Number of protein chains: 2
Amino acid sequence: MEIIIDIEGSVPLFAQLIEQIKQAVLNDKIMANDPLPSIRQLANDLDLNNKTVAKAYRLLERDEVIQTKGYRGTFIHPNAKVNSSVDLNALVLTKLNKTIDTLRKEGVTDSEIRIAFSDVMNNRIS
Amino acid sequence: MEIIIDIEGSVPLFAQLIEQIKQAVLNDKIMANDPLPSIRQLANDLDLNNKTVAKAYRLLERDEVIQTKGYRGTFIHPNAKVNSSVDLNALVLTKLNKTIDTLRKEGVTDSEIRIAFSDVMNNRIS
DNA sequence: TATTGTACCATTTGATGTAAGGGTACAATA
DNA sequence: TATTGTACCCTTACATCAAATGGTACAATA
């Protein structure tokens with residue numbers, strides 16, 4: 001399994017890592033229950049910071065593409081292949097787009113939407 | 001009708017202006033069809049920029065609290081009293097909160113929500 | 001001709017959030 | 001004792017956006 005990180009590009013490093021691991025799963029280059037390099041190891045190999053790799057792993061685990069077993073290491077999730085094809089991001093986009101579309105059609109300005117969004121995200125609701 | 005603007009406070013100037021005009025309507029200090037000072041006049045009186053007052057008027061007209069009649073000036077909307085009590089912002093907060101709550105419960109990180117939000121607002125949807 | 005709301009062009013200031021990196025420390029284990 | 005994932009602390013660089021301001025110009029009109 002080869003991972004190539006483009007430092008120059010605009011795509012965040014952790015996002016590149018996630019994308020490539022998902023692709024490797026989809027292309028059967030890594031199979032369910034296969035072990036993955038440790039965070040520190042992979043960070044060292046790719047010349048990335050530990051935190052960057054840890055972030056990618058954290059998100060991959062949330063999406064059940066990988067499975068961390070504490071001190072025993074990290075492994076490909078049994079359902080990795082199915083879960084790798086689920087584009088959580090697309091679902092988020094769709095839901096948000098629907099809500100924002102409704103607001104815009106009611107005449108709410110983008111500026112007002114942004115402020116309200118910020119309030120919600122920061123739990124500053126009345 | 002007296003309007004007092006607090007330059008020091010954190011509440012945006014245009015927002016203070018909107019709030020005070022709505023309050024004046026709700027308290028019967030200005031009645032339906034009453035004329036309002038022109039944008040330039042009010043900006044001069046309150047020592048604000050024309051654009052700041054124009055912004056407040058634009059939003060007040062959208063909410064049908066006031067009515068602009070081009071060169072003839074600006075007047076209080078016939079339905080001003082009812083419309084002044086409608087808190088559009090609260091509606092926006094509620095709708096956005098509902099959507100974001102759903103996403104969060106699905107495990108989507110705030111960071112991902114913010115990025116998706118930004119994409120939607122800037123029409124960067126695939 | 002002066003005034004009305006409005007529509008552009010632009011700028012500065014401040015706040016906020018992401019991405020990435022750096023450091024330290026922890027419990028659980030082989 | 002070295003390694004595992006993880007959880008904190010913090011900093012830097014960069015991007016985006018709100019808010020406010022400034023200037024110029026327009027058609028419609030009294």
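Protein chains get the first letters and strands the later ones, always in sequence-line order, with residue 1 at the start of each. Here the structure is a predicted model, which means the values were calculated and not measured.
- Remark: C:dA30 base-pairs with D:dT1. Criterion, Watson-Crick or G-U wobble with two distances under 3.5 Å.
- Protein atom CG of A:Leu59 is 15 Å distant from nucleotide atom C1' of D:dG5, rounded to whole Å.
- Residue contacts shown for A:Asn50 are absent, as no nucleic acid heavy atom lies under 4.0 Å away.
- Residue A:Tyr71 places at least one side-chain N or O under 4.0 Å from the OP1 or OP2 atom of C:dT29.
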Under the criterion side-chain contact (heavy atoms from CB on, under 4.5 Å), I'd like the reasoning laid out for A:Lys81 against A:Asp28: C-alpha separation, chi angles, the key distance, then a yes or no. CA-CA 8 Å; A:Lys81 207 161 176 180; A:Asp28 292 322; 2.8 Å; yes

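- One finds a salt bridge joining A:Lys95 and B:Glu106 here, because a Lys/Arg side-chain nitrogen approaches an Asp/Glu carboxylate oxygen to under 4.0 Å.
- Atoms CG and CG, from B:Asp119 and A:Leu96 in turn, are 9.5 Å apart once rounded to the nearest 0.5 Å.
- Nucleotide D:dT16: paired with C:dA15 (Watson-Crick or G-U wobble, both distances less than 3.5 Å).
- Along DNA chain D, the nucleotide nearest to B:Met121 and the one nearest to A:Thr68 differ in position, and the one closer to the 5' end is contacted by A:Thr68.
- Remark: C:dA20 base-pairs with D:dT11; criterion is Watson-Crick or G-U wobble with both hydrogen-bond distances under 3.5 Å.
- Dashed line: the shortest gap from a side-chain N or O of B:Arg72 to OP1 or OP2 of C:dT4 is not under 4.0 Å.
- For the pair B:Asn44 CG and C:dA2 C1', the interatomic distance rounds to 15 Å; values are reported in whole Å.
- The side chain of B:Ser111 contributes an N or O atom lying less than 4.0 Å from OP1 or OP2 of C:dA19.
- Between the CD1 atom of B:Ile39 and the C1' atom of C:dT4 there is a distance of 9 Å, given to the nearest Å.
- Note on B:Asn122: only backbone sugar-phosphate atoms sit closer than 4.0 angstrom, heavy atoms only; bases stay farther off.
- Between the side chains of A:Ser118 and A:Arg124, at least one donor N or O lies within less than 3.5 Å of an accepting N or O.
- For A:Asn122, the CG atom is densely surrounded, since the number of other residues' heavy atoms within 6.0 Å is greater than 12.
- Residue contacts for A:Gln16: at a heavy-atom cut-off of 4.0 Å it reaches no nucleic acid atom on any strand shown.
- Listed pair B:Ser38 / C:dT4 meets the phosphate criterion, a side-chain N or O lying under 4.0 Å from OP1 or OP2.
- Classification of B:Lys69 and B:Glu61 as a salt-bridged pair fails, no side-chain N sitting under 4.0 Å from a carboxylate O.
- The side chain of A:Thr74 contributes an N or O atom lying less than 4.0 Å from OP1 or OP2 of D:dG5.
- B:Glu112 comes within contact range of no nucleotide atom at all, as no heavy-atom separation falls under 4.0 Å.
- Nucleic acid contact class of B:Lys69 (heavy atoms, under 4.0 Å, all strands): none.
- Dashed line: the shortest gap from a side-chain N or O of B:Lys55 to OP1 or OP2 of D:dA19 is under 4.0 Å.
- Mapping B:Asp110 and B:Gln41 onto DNA chain C via the closest heavy atom, the residue that lands nearer the 5' end is B:Gln41.
- Within 4.0 Å of A:Arg58, counting heavy atoms only, lies no atom of the nucleic acid at all.
- Between C:dG22 and A:Asn49, a contact under 4.0 Å exists linking OP1 or OP2 to a side-chain N or O.
- One can place CZ of A:Arg124 at 14 Å from P of D:dA18, the figure rounded to the nearest angstrom.
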